[in-house]
Visitor: 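After the structure tokens below, expect a handful of questions from me.
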Amino acid sequence: MAETEPSIFSRIIAGEIPADVVYDSERIIAFRDIAPQAPVHLLVVPKTELYRDVTELAAGDPALLAELVATAKRLADEHSDGDFRLVFNTGAGAGQTVFHVHAHVLSANDRGHSLQEGSLGQL
């Protein structure tokens, strides 16, 4: 990363900032978003600071990207019915605000319910 200050995610990984962590492994951490846009809104974050966005991660460590996606699926199975949206914002113009690659796992939390198109952010 080109930034001089650690990202908020790096600070969460280091334990400097509290988070509602739902998963923690050697290479990935996942926690609840503090401004959820769906009933289930988790952030899945590689612990490395090397990649700003998903395109850099895909080029630099495709195995880590595959692990991130598998983790997202496992978390969707645990926190909802397994159906989910996986969103990577890439660049400020696309809504990326933290330039430490991460995925948003968005899902309905109740079995039998779903996220309708256009429903995100309407909690």
Side-chain angles (χ1 to χ4, degrees):
M1 293 179 70
E3 297 176 10
T4 57
E5 293 290 319
S7 74
I8 190 168
F9 295 158
S10 294
R11 295 183 65 205
I12 289 170
I13 292 163
E16 297 172 10
I17 296 175
D20 185 358
V21 175
V22 297
Y23 179 83
D24 193 0
S25 72
E26 183 179 327
R27 300 192 337 142
I28 292 177
I29 190 169
F31 46 89
R32 296 186 192 284
D33 193 294
I34 61 169
Q37 300 298 304
V40 174
H41 188 167
L42 307 174
L43 300 177
V44 184
V45 183
K47 290 184 176 179
T48 180
E49 294 180 313
L50 292 177
Y51 309 107
R52 291 173 50 88
D53 60 46
V54 68
T55 60
E56 289 184 8
L57 177 59
D61 192 343
L64 181 56
L65 176 56
E67 185 178 343
L68 186 152
V69 172
T71 300
K73 171 61 175 151
R74 184 169 38 254
L75 291 170
D77 289 342
E78 291 174 10
H79 293 270
S80 68
D81 64 0
D83 292 343
F84 66 105
R85 293 183 189 174
L86 186 61
V87 177
F88 293 91
N89 296 325
T90 303
Q96 186 177 6
T97 58
V98 179
F99 293 90
H100 180 141
V101 65
H102 59 285
H104 297 259
V105 175
L106 303 144
S107 183
N109 59 351
D110 294 329
R111 309 287 191 248
H113 292 83
S114 64
L115 295 179
Q116 298 301 315
E117 194 64 35
S119 66
L120 296 182
Q122 299 175 6
L123 294 180

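Quick note: numbers below take in every heavy atom, side chains included, and nothing from hydrogens, waters or symmetry partners.
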Visitor: Distance from Y23 atom OH to L75 atom CG, nearest 0.5 Å?
Guide: 7.5 Å

Visitor: I'd like to know if the side chain of Q96 and the backbone of R52 have a donor-acceptor N/O pair within less than 3.5 Å.
Guide: yes

Visitor: Mind telling me whether H104 and H41 have parallel, tilted or perpendicular rings, with 30° and 60° as the class edges?
Guide: tilted

Visitor: What pair of heavy atoms forms the shortest contact from S107 to S80, and how long is it?
Guide: OG-OG, 2.8 Å

Visitor: If you measure from CG on D53 to NE2 on H102, what distance do you get to the nearest 0.5 Å?
Guide: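 Atom-to-atom, D53:CG and H102:NE2 are 10.5 Å apart.
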
Visitor: Given I13, which of I29, V21, I28 fulfils the side chain to side chain contact (heavy atoms under 4.5 Å, CB included) condition?
Guide: I29

Visitor: I need the S10 OG to E16 CD distance, nearest 0.5 Å.
Guide: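 S10 atom OG to E16 atom CD measures 9.0 Å (nearest 0.5 Å).
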
Visitor: Apply side chain to side chain contact (heavy atoms under 4.5 Å, CB included) to V45 and H100, showing your working.
Guide: CA-CA 8 Å; V45 183; H100 180 141; 3.6 Å; yes

Visitor: Given the rule in the side chain to side chain contact (heavy atoms under 4.5 Å, CB included) test, do L86 and V105 qualify, once you have shown the distances and angles that lead to the verdict?
Guide: CA-CA 5 Å; L86 186 61; V105 175; 4.0 Å; yes

Visitor: Any non-hydrogen side-chain atom of F9 less than 4.5 Å from a side-chain atom of L43?
Guide: yes

Visitor: For a 4.5 angstrom cut-off between non-hydrogen side-chain atoms, does F84 reach L42?
Guide: no

Visitor: Find out whether R27 and L64 are in side-chain contact, i.e. whether some heavy atom of one side chain is under 4.5 Å from a heavy atom of the other.
Guide: yes

Visitor: Is a side-chain donor or acceptor of K47 paired with a backbone partner of S25 at a separation under 3.5 angstrom?
Guide: yes

Visitor: When rounded to the nearest 0.5 angstrom, what is the spacing between CZ in F99 and CD1 in I8?
Guide: 14.0 Å

Visitor: Working to the nearest 0.5 angstrom, can you tell me the gap between L68 CG and L57 CG?
Guide: 7.0 Å

Visitor: Looking at H79, K73, R74, which hits side chain to side chain donor-acceptor pair (under 3.5 Å) with D77?
Guide: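 For D77, the side chain to side chain donor-acceptor pair (under 3.5 Å) test succeeds with only one of H79, K73, R74, which is K73.
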
Visitor: Could you grab the distance from atom CD of E26 to atom CD of E67, nearest 0.5 Å is fine?
Guide: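 Here the rounded value is 8.5 Å.
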
